[in-house]
Colleague: 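I'd like to ask some things about the structure below.
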Amino acid sequence: MNSPIARVPAAWYPSPGTPAWLTDRPISRLGDHPAQPAGTTGQPLRERRANVVGAYVANSVSWWRASAESLDGSTTAGLRGVLALNVPLLAWVVAVLNGAVGCSGWACSIATFGDRPWLLLGLAGGCVAGLTASAVVTRGLTRAGALPLGVMGMSGLAGVIAPLGVIAVAVIVVVVVGCALALFAFFVDRF
């Protein structure tokens, strides 16, 4: 036999369980490929491109109509923790701005981002307001569509940034106290 098909090795033939779109000749399987929209076989390339974009637009969902998805327990716990951290911080900065609590010196300057308590008020207040409003709409921060998820993300980001000044002061105090205790232990041990 001199036909080209007879000379194809047996290893090139498909196994019994191989899907049909892998076994057909390349030109005949264009419409069967899962990545290609149905109904595009045999159409000119320009029409296929228009159909791909049209199929994508027809199957896409706008941000306003996106379905609510359940959030992980760790995400919910993290957002609730950020909210719980920012509520007392917001109360403290409101008290500082009203003059009920004194705030001066290097510690206050670091905690309020360089003596800018209004910035701290905006970050902590935005976090508390955004996460509280989102909690009402999202069943306690457990389910979210696109818009509430965006609000929760921005509020959470503001809530993470807001206490950084207070955390920096706490770290400085811990390091200074640790160094003082280490020096004290060194001198007690030596003398």
Colleague: Shared ILVMFWY cluster between Trp106 and Val176, side chains joined below 4.5 angstrom?
Modeller: yes
Colleague: Atom CZ of residue position Arg80 - does it have more than 12 heavy atoms of other residues, nucleotides or ligands inside 6.0 Å?
Modeller: yes
Colleague: Just verifying a value: how many Å separate Leu123 CG and Leu157 CG, rounded to the nearest 0.5 Å?
Modeller: 9.0 Å
Colleague: Does Thr132 use its side chain to pair, donor to acceptor, with the backbone of Ala129 at less than 3.5 Å?
Modeller: no
Colleague: Checking the side chain of Arg116 only, and the main-chain atoms of Gly114 only, is there a donor and an acceptor separated by less than 3.5 Å?
Modeller: yes
Colleague: When rounded to the nearest 0.5 angstrom, what distance separates CG in Leu120 from CG in Asp115?
Modeller: 11.5 Å
Colleague: Atom CG in Asn86, atom CG in Leu131: separation rounded to 0.5 Å?
Modeller: 8.0 Å
Colleague: Quick check on the hydrophobic clustering: are Phe113 and Val96 connected, directly or via other members, by side-chain heavy-atom contacts under 4.5 Å?
Modeller: yes
Colleague: Return yes if some donor-acceptor pair links the side-chain N/O of Ser70 with the main-chain N/O of Arg143 below 3.5 Å, else return no.
Modeller: no
Colleague: Do you know the tightest heavy-atom contact between Pro148 and Val137?
Modeller: CG-CG1, 4.4 Å
Colleague: Give me the atom names and distance for the closest heavy-atom approach of Val93 to Pro117.
Modeller: CG2-O, 3.6 Å
Colleague: Answer with yes or no whether the hydrophobic clustering places Leu181 together with Val173; edges join I, L, V, M, F, W, Y residues whose side-chain heavy atoms lie under 4.5 Å apart.
Modeller: yes
Colleague: Nearest 0.5 angstrom please: Ile172 CD1 to Ile110 CD1, how far?
Modeller: 4.0 Å
Colleague: Given side chains that start at C-beta, do those of Met152 and Thr75 come closer than 4.5 Å, heavy atoms only?
Modeller: no
Colleague: Looking only at heavy atoms, what is the nearest atom pair of Gly130 and Val151, with distance?
Modeller: O-CG1, 4.0 Å
Colleague: Donor-acceptor pair, distance only, cut-off 3.5 Å: does the side chain of Ser109 make one with the backbone of Gly105?
Modeller: no
Colleague: If you measure from CD1 on Ile161 to SG on Cys127, what distance do you get to the nearest 0.5 Å?
Modeller: 10.5 Å
Colleague: Any link between Leu97 and Val94 through a network of hydrophobic side chains (Ile, Leu, Val, Met, Phe, Trp, Tyr) touching at under 4.5 Å?
Modeller: yes
Colleague: Are any non-hydrogen side-chain atoms of Val171 and Ile167 less than 4.5 angstrom apart?
Modeller: yes
Colleague: Below 4.5 Å, heavy atoms only, C-beta onward: do Thr112 and Trp118 meet side chain to side chain?
Modeller: no
Colleague: Under a 4.5 Å side-chain heavy-atom rule over Ile, Leu, Val, Met, Phe, Trp and Tyr, are Val169 and Val177 clustered together?
Modeller: yes
Colleague: Is there a side-chain contact between Trp92 and Val87 in this structure, where contact means two heavy atoms from C-beta onward sitting under 4.5 Å apart?
Modeller: no
Colleague: Closest approach of Ala144 and Leu71, non-hydrogen atoms and distance?
Modeller: CB-CD1, 4.3 Å
